[in-house]
Amino acid sequence: MENRERRIGLLDESSQFIKGVGPARQVLLERLGIRTVEDLISHFPRAYYDRRDLVPVGKLPLGAGATFIATILAISMRRARRGQKIFTVAVGDETGVVNLVFFNQPYLEKYFKQGERVVVSGELALYRDQRQIVSPEYEIIGGELTESLLHAGRIVPVYPLTAGISQRMMRKIVAAAFEKCAGHVRENLSDSLLRSFDVPPREEAFRQAHYPDTYETLERARRRFKIEEVFFLHLLIKERRKNLTRKRQRPPVAAPHPLLERFLAALPFELTGAQKRVLDEIRIDVEKGGLNRLLQGEVGSGKTVVALAATMLALGKGYQAAFMAPTEILALQHHERSRELCEGLGIRMELLIGSTAKADKKRIHEQVNAGEIDLVIGTHALIQEGISFKQLGLAVIDEQHRFGVKQRAKFGQGDMLPHFLVMTATPIPRSLAQTVYGDLDLSIIDELPGGRRIVRTGIVSADGRERIYEELRAAFRAGRQAFFLYPLVEESEGSDFLAATEEFERLQREEFADFPLGLLHGRMSFEEKGKAIGLFRRGEILGLVTTTVIEVGVDIPNASILLVNNPERFGLAQLHQLRGRVGRGGNEGSCYLLLSGEVGAAARARLSFFASNDDGFKIAEEDLRLRGPGEIWGHRQSGYPQFKLINPLSDHDIVQLSWDESERLLERDPGLSHFENRALADYFRESYKPKMELAEIG
Ligand code: ADP
Ligand code: MG
C-alpha cells in the first residue's frame, strides 16, 4: 500500500477517511487491533458462508438445505400449549412465501422488522400444508440491493467482531477500506519468491481472502498470508542472530577437555546414548566457535546433567559459566545437585538468587566480577545490575519459555559473547522450533535414563473422590508420597475451582487428619517453599498440596502419586510435565485426574487422550492442535506475536518452505539490496520490523 495511506490510519484529520468510521467507531476498531487501512484489510474473516447459489423462495427444495434472500412480510408470536412460545416470521420474494419458525426465543421479536431483507439458510418442511423452516440460520442485511450483494450471492466473509460492531457493519467497513486502497496495495515479495511460493500477488490475495471467487482461490490467498506471517519472521530471526554474533567473539574452546573427562568419570552413573550424542553436538559447536543450542528433552531425561557437563568445556579453559533457572527453588536444587556432582573438581561455585542476603550478594557480585567464582547458579539475579562477569564463557538457561531473547543478549559484554545452551522440557516439533526458537539449533534427548517409566493415568469422576482418598490413605500407610495438585492458589471470586490453600486446611482436618500434609505454592516466600520441599523430601510430609509451582523441574524422587484436581484447567503439555514429577523414583508412578462434576465432552476427550498416551511429542501436538501455539510455547514471553492464520504444526510444510527460501534469499542477497528485493526490503524495514518492536514492548 502507498505509504501515505498506511501511515495516516483510518481517519484523516478533517474528514472521515473510511466511510462508516468516525471517532467512536475507531475506538471500537482499536479493540480489535485495527488502526490503519492495512489493518482493516488484514482483518481476515474467521469463517465464510457459501451463499453463491441463491434459490428463489418459490423453488426451495423440500427436505434439503438451501439459501435465499427474502423480505420480511409479517411477524407473529404465539403461545402454544404447555407454555411454549412460538415466533413466526413470514418472509418472501416475488416467487413465494415461507414461514421461519423459532421456539422459545422471545428476544428475536426485536430483531426482525417488517420490510427488511434477510438471508436465510435452512431446510424447507411442510407442517399442516404450510411451508416452513424451523430454526434457520439467518442474517438481516438491510434494505438496499447493492448492500445485499455484500452479504449474499457469493462466498461471504464472517469477521471476528467486538461489542458495538455488527457483522453487517464490519463487512461494510472492510469493503470501504478496499475501495480506498484498490490499486494501491504494494507487493512485498519479489517475483521469484511469488513463483517459489506459488501464491497470488498481494492485492489479489487480499481480495480473495475477503471476497473469494472460489474456495480454491481462497485457499491460495490464505496460503500467501500464512507465508507472510512466517517468512518475515524468519528474516527477522536470521537478522537478529547475525546481529547478536556479528563483530563479537565467542570464547575459543578447543579440545582436549580434561575437566569434562574428570567430571564424567566421577558421575555416579553412565550417560545415556542420547545424552552422549547431545553432549557431542554441544562440544562440536563450542570447538567450532559458536554454541547457540536448544536442548530439549522430557522431564527427567537428564538435561541438567548434560548442561552441567557443557559448563565443564568452558570452565576447563579458565572461563566462567552461568546457569540460570526460572525459579529460586530450581536454582537451589541445581546448586545442590551441582555441588554433589562437582565435588573434588576444584570448581568455585555460588548460588545467587533474589533472596540471597544483601551482604552475600555484594560479595558474590564482587567475586564474579573479579573472576574469583567459576560457576554461578541462580535466577534472573544473574543478569541484574551490578553483575559483570570477568570472563563468561558459557551460559545455560533452563526452561527457555520463561525467558525472552532479550534476556539472553544481556549475558553479552562488549565484544564478547558467551556460548549459549538453552534447555526446555517442552517437546517442540521441529517446524515450530524454527518459528519460535529459530535462532537456536536443536538437540533432542529422546531417551530416559533407566528406560521409560510409565505413569499409570486414570480419569476419576467426582463421585469417585472418596475411593481415591481411601487409596491414597493406603499408599501413605505403605510409606508412599503424593502430590495434591490444584489450579489456583486461593479461591478467587466467581470461580468454583478448588484452591490449594483452602483445600490443604480441609484435607488435613478431615480426610487426611491422620497423615502429615504440607502446602507449597507460588506465593509463599522462598524460605517457606524450601522448608516445605525439605520436609517432603525427607518424608516428614506424606502429601504435598500444591500448584503448578512444581511443574518446572523440581526433583522429588520419592513421590509416586499425583492427584490432579480440575485437570480440565491444565494444558496437556503442562499435565505431562507435572506427571513427570511422579515417574522418577523406584516406585511405579500413578496419576489420577479427578474431575469436579460437570466436564464437557471435549474436555473429557482431551483428558482421555492424555491418559492413554505417554509420548510427550504426541501430547504436545494434540495440545497444540486443540489450543493453538500461543499458550503452550509462550510466544508472548519469547517476544513473538500470536499468529493469525498459520498453525506451525499443521502448516509445517509452509514453515519449512519459508525457512529454506529465507535462507536462499539471504545467501544471494545478504543486505537485501538487489533491485528485485527492494519492495521486500522496504516492507521488512519500514513496516514489519517497527510493528514487531512495538509488539515486544512490555
Ligand atoms: P531433567 O533436567 O531433564 O529433568 P535431570 O538432569 O534433572 O533431568 O535428571 C533427572 C534425574 O535423573 C536426576 O536425579 C539425575 O541425577 C538422574 N540422571 C540423569 N542422567 C542419568 C543417567 N544417565 N543415568 C541415571 N540417572 C541419571
Ligand atoms: Mg530439569
Side-chain angles (χ1 to χ4, degrees), residues 20 25 28 45-173 175 494 597-602:
R25 213 159 258 156
L28 297 179
R46 60 170 174 77
Y48 300 84
Y49 292 142
D50 190 350
R51 292 183 183 159
R52 278 175 294 186
D53 297 319
L54 295 179
V55 180
V57 174
K59 296 243 168 72
L60 287 174
L62 202 59
T67 300
F68 58 94
I69 297 185
T71 303
I72 297 170
L73 305 173
I75 296 162
S76 76
M77 174 77 78
R78 67 188 169 87
R79 212 172 264 279
R81 271 175 297 159
R82 280 176 284 138
Q84 241 194 50
K85 277 188 184 157
I86 302 176
F87 179 53
T88 305
V89 183
V91 301
D93 60 11
E94 54 279 13
T95 66
V97 176
V98 64
N99 285 332
L100 313 180
V101 180
F102 302 88
F103 296 104
N104 293 327
Q105 288 168 270
Y107 53 87
L108 285 182
E109 215 165 1
K110 65 172 185 287
Y111 286 132
F112 289 88
K113 295 201 179 60
Q114 215 176 341
E116 283 200 319
R117 292 158 63 80
V118 60
V119 189
V120 182
S121 298
E123 206 172 278
L124 181 71
L126 284 181
Y127 179 73
R128 294 182 180 161
D129 285 343
Q130 291 267 0
R131 284 154 47 90
Q132 69 171 35
I133 301 177
V134 177
S135 307
E137 252 183 50
Y138 66 90
E139 200 177 297
I140 294 168
I141 56 173
E144 307 152 40
L145 194 64
T146 45
E147 195 207 318
S148 308
L149 288 178
L150 205 53
H151 310 289
R154 60 162 81 231
I155 300 175
V156 175
V158 182
Y159 293 105
L161 300 174
T162 186
I165 298 189
S166 69
Q167 194 58 251
R168 208 172 125 194
M169 181 50 61
M170 185 59 98
R171 278 195 204 125
K172 282 206 240 179
I173 294 173
E598 292 299 295
V599 173

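Just so it is clear, the structure is predicted and the values come from calculations on it, not from any experiment. Starting from 1, each residue takes its place in the sequence as its number. The analysis underlying the following values was restricted to heavy atoms, covering all of them including side chains, and did not include hydrogens, waters or symmetry mates.
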Undergrad: So, does Thr67 use its side chain to make a donor-acceptor pair with the main chain of Ser121 at under 3.5 Å?
TA: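 The answer is no, because no donor-acceptor pair under 3.5 Å joins these two groups.
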Undergrad: Shortest non-hydrogen contact from Ile86 to Ala80?
TA: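 Shortest heavy-atom separation between Ile86 and Ala80 comes out as CD1-CB, 3.7 Å.
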Undergrad: Is there a donor-acceptor contact under 3.5 Å from the side chain of Asp53 to the main chain of Val55?
TA: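 Not confirmed, Asp53 side chain does not pair with Val55 backbone.
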Undergrad: Specify the closest pair of heavy atoms between Ala70 and Val57, including all atoms of both residues, with the distance to one decimal.
TA: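 Minimum heavy-atom contact is CB-CG2, 4.1 Å.
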Undergrad: Taking atom CZ of Arg25 and atom OG1 of Thr162, what is their separation to the nearest 0.5 Å?
TA: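 The CZ atom of Arg25 sits 12.5 Å away from the OG1 atom of Thr162.
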Undergrad: With rounding to the nearest 0.5 angstrom, report the CD to NZ distance, Gln167 to Lys172.
TA: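 Rounded to the nearest 0.5 Å, the CD-NZ separation comes out at 13.0 Å.
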Undergrad: Hey, can you tell me if Phe112 and Phe102 have their rings parallel, tilted or perpendicular (30° and 60° cut-offs)?
TA: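 Answer is tilted, since the angle falls between 30° and 60°.
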Undergrad: When rounded to the nearest 0.5 angstrom, what distance separates CZ in Phe68 from OG1 in Thr95?
TA: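 If we round to the nearest 0.5 Å, Phe68:CZ and Thr95:OG1 are 9.5 Å apart.
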Undergrad: Mind listing the closest non-hydrogen atom pair of Leu73 and Gly92 along with its distance?
TA: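 Where Leu73 meets Gly92 most closely, the heavy atoms are CD1-N, 3.7 Å.
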Undergrad: Rounded to the nearest 0.5 Å, what's the gap from OG1 on Thr71 to CD on Gln114? Could you check?
TA: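 Output value for this atom pair is 10.5 Å.
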Undergrad: Please identify which of these residues, Val89, Val91, Val119, Leu108, meets the side chain to side chain contact (heavy atoms under 4.5 Å, CB included) condition with Tyr138.
TA: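 Among Val89, Val91, Val119, Leu108, the one that satisfies the side chain to side chain contact (heavy atoms under 4.5 Å, CB included) with Tyr138 is Leu108.
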Undergrad: In Å and rounded to the nearest 0.5 Å, what is the CD1 to NZ distance from Ile75 to Lys113?
TA: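 Between atom CD1 of Ile75 and atom NZ of Lys113 there are 8.5 Å.
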Undergrad: On a heavy-atom basis, which atom in Val120 and which in Pro136 lie closest, and how many Å separate them?
TA: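 For Val120 and Pro136, the tightest heavy-atom pair comes out as CG1-CB, 3.6 Å.
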Undergrad: side-chain contact (heavy atoms from CB on, under 4.5 Å) between Val97 and Arg131: does it pass, once the steps are laid out?
TA: CA-CA 8 Å; Val97 176; Arg131 284 154 47 90; over 6 Å; no
Undergrad: Grab the two heavy atoms, one from Glu137 and one from Tyr49, that are nearest each other, plus how far apart they are.
TA: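 Minimum heavy-atom separation between Glu137 and Tyr49: OE1-CE2, 3.8 Å.
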Undergrad: To the nearest 0.5 angstrom, please state how far the CD1 atom of Ile165 sits from the CD1 atom of Ile173.
TA: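 Answer for the CD1-CD1 pair, Ile165 versus Ile173, is 5.0 Å.
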Undergrad: Take Phe103 and Gln84 through the test side-chain contact (heavy atoms from CB on, under 4.5 Å) and record every step on the way to the result.
TA: CA-CA 7 Å; Phe103 296 104; Gln84 241 194 50; 3.2 Å; yes
Undergrad: Shortest non-hydrogen contact from Pro61 to Leu124?
TA: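 Here Pro61 and Leu124 meet closest at O-CB, 3.4 Å.
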Undergrad: With Glu139, which of Arg171, Arg168, Arg117 fulfils salt bridge (Lys or Arg N to Asp or Glu O under 4.0 Å)?
TA: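 Of the listed residues Arg171, Arg168, Arg117, the salt bridge (Lys or Arg N to Asp or Glu O under 4.0 Å) partner of Glu139 is Arg171.
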Undergrad: Would you list the pairs meeting salt bridge (charged side-chain N to carboxylate O under 4.0 Å, His left out) in which at least one residue belongs to residues 88-109, sequence neighbours left out?
TA: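 Residue pairs with at least one partner in residues 88-109: there are none.
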Undergrad: Is there a donor-acceptor contact under 3.5 Å from the side chain of Gln132 to the main chain of Leu100?
TA: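 Pair absent, no side-chain N/O of Gln132 close to backbone of Leu100.
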Undergrad: Given 3.5 Å as the limit, does a donor-acceptor pair link the side chain of Asn104 with the main chain of Lys85, or not?
TA: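 Looks like yes, one N/O pair under 3.5 Å.
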